[in-house]
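Here is the naming used below: chain letters follow the sequence lines, and residue numbers restart at 1 for every chain.
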Amino acid sequence: MSAFRKTFQINKKDFIHAGEASVAVKNLLKSLHIDPKLIRRVAICGYEGEMNVVMHGGEGFLTFEIDSEKVVLNISDDGPGIADISLAMKKGYSTAADEYRQMGFGAGMGLPNMKENSDQFDIESEKGKGTRIRMVFLISKGG
Amino acid sequence: MKLSEIVKVLEATLFVGEDRLDKEFLAGGASDLMSDILAKRADECVFLTGLTTVQTIRTASVSGVGAVVIVRGKIPPDEVIRMAREEEIPLLSTPYSMFVSCGRLHGQGMTGLNGTR
Ligand SMILES: Nc1ncnc2c1ncn2[C@@H]1O[C@H](COP(=O)(O)OP(=O)(O)OP(=O)(O)O)[C@@H](O)[C@H]1O
Ligand SMILES: [Mg+2]
């Protein structure tokens, strides 16, 4: 399989369209007949990342890449950034606004879930400098 | 349980899934927290919730949920129904509360997401 790459824009506070990129990635992987368990992991991680950009971040991008060995998701935004990453990574830690809590988000589960569902997880952020997350999913590993 | 049996037991209105009434379900999960479904093995399950935003369907889609049941008689907005149809996820609405809906499905032999009774 030759390498393929696609970038999606994520708009700040755009709750209605948040997640479209991940659903598109999911359908694309489905058409490539990738293992459903792997598709599920990629889609969930992408979705959690997109929701975070919309709820907490700024203007952002999700870039999807695939080659014969792996799927890579890069999710970045130019929002306020995260002052304490290890705190943000803790299950249950959330600063989500009430409007998002009322819609079923803000349990503080997204970042830990992304780490758990990816084979490699890197996060880079600083207060005032946006947030960049890179997740790798190994195709040989399957589920 | 077949989707048709779920519709019957929950006295539900079926918005999407007329073509999949024979689809089988073994497990269910109920939550108004999307993170709850995203962080569990919810693929192929019935997802019961009181929330009818588009994110309910996207959460179901990325998690591989097999059917979405809206409780307390809420009618999903048109764009939510449209999205469920696009994503090929059966969408139901039941007049029963979350508690009673879960009880009715459990009473028919359905398990929790991790297989417990
Ligand atoms: N892109 C981002 N920009 C700024 N802050 C972020 C970003 N992503 C996460 N955070 C911070 O990290 C916290 C934890 O994120 P996490 O995804 O784990 O939980 P949540 O989004 O608050 O809730 P959930 O994911 O369960 O809906 C957030 O509440 C927020 O404070
Ligand atoms: Mg989150």
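Side-chain heavy atoms closer than 4.5 Å link hydrophobic residues (I, L, V, M, F, W, Y) into clusters, and following such links, possibly through other members, connects Phe4(A) to Ile39(A). Hydrophobic clustering (ILVMFWY, side-chain heavy atoms < 4.5 Å, transitive): Ile85(A) and Met114(A) are in one cluster. Note: the hydrophobic cluster containing Phe25(B) also contains Leu92(B) (ILVMFWY, side chain heavy atoms under 4.5 Å, direct or indirect links). Under a hydrophobic-cluster definition in which Ile, Leu, Val, Met, Phe, Trp and Tyr are linked whenever side-chain heavy atoms come within less than 4.5 Å, directly or via other members, Val69(B) and Ile89(B) are assigned to different clusters. One hydrophobic cluster, built from ILVMFWY side chains closer than 4.5 Å, cannot hold both Phe47(B) and Val71(B); they sit in different ones.
The candidate with the highest count of non-hydrogen atom pairs below 4.5 Å against chain A, out of Ser35(B), Gly50(B), Ser31(B), Gly64(B), is Ser35(B). Of the listed residues (Val54(B), Thr53(B), Leu38(B), Asp32(B)), the one with the most heavy-atom contacts under 4.5 Å to chain A is Leu38(B). For the options Met103(A), Glu116(A), Arg101(A), heavy-atom pairs under 4.5 Å to chain B are most numerous at Met103(A). Between chain B and the residues Ala107(A), Ala18(A), Gly19(A), the largest count of heavy-atom pairs under 4.5 Å involves Ala18(A).
The two atoms that bring Arg58(B) and Val23(A) nearest to each other are CD-CG2, 4.0 Å, heavy atoms only.
In this structure the side chain of Val62(B) never reaches within 4.5 angstrom of the side chain of Arg40(A), judged on heavy atoms.
Residues of residues 121-133 of chain A lying within less than 4.5 angstrom of chain B, judged on heavy atoms, are absent. Scanning residues 87-97 of chain A against chain B with a 4.5 Å heavy-atom cutoff picks out nothing at all. Residues of residues 42-65 of chain A placed with any heavy atom under 4.5 Å of a heavy atom in chain B are listed by number as Ala43(A), Ile44(A), Tyr47(A), Glu48(A), Met51(A).
One distance of note links CG of Asp36(B) with CE of Met109(A); it measures 5.0 Å at 0.5 Å rounding.
Contact annotation for Leu51(B): only side-chain heavy atoms (C-beta onward) come within less than 4.5 Å of a heavy atom of chain A.
Contacts of Pro77(B) classified as side-chain contact (heavy atoms from CB on, under 4.5 Å), with partners at least two apart in sequence or in another chain: Thr52(B), Glu79(B), Val80(B).
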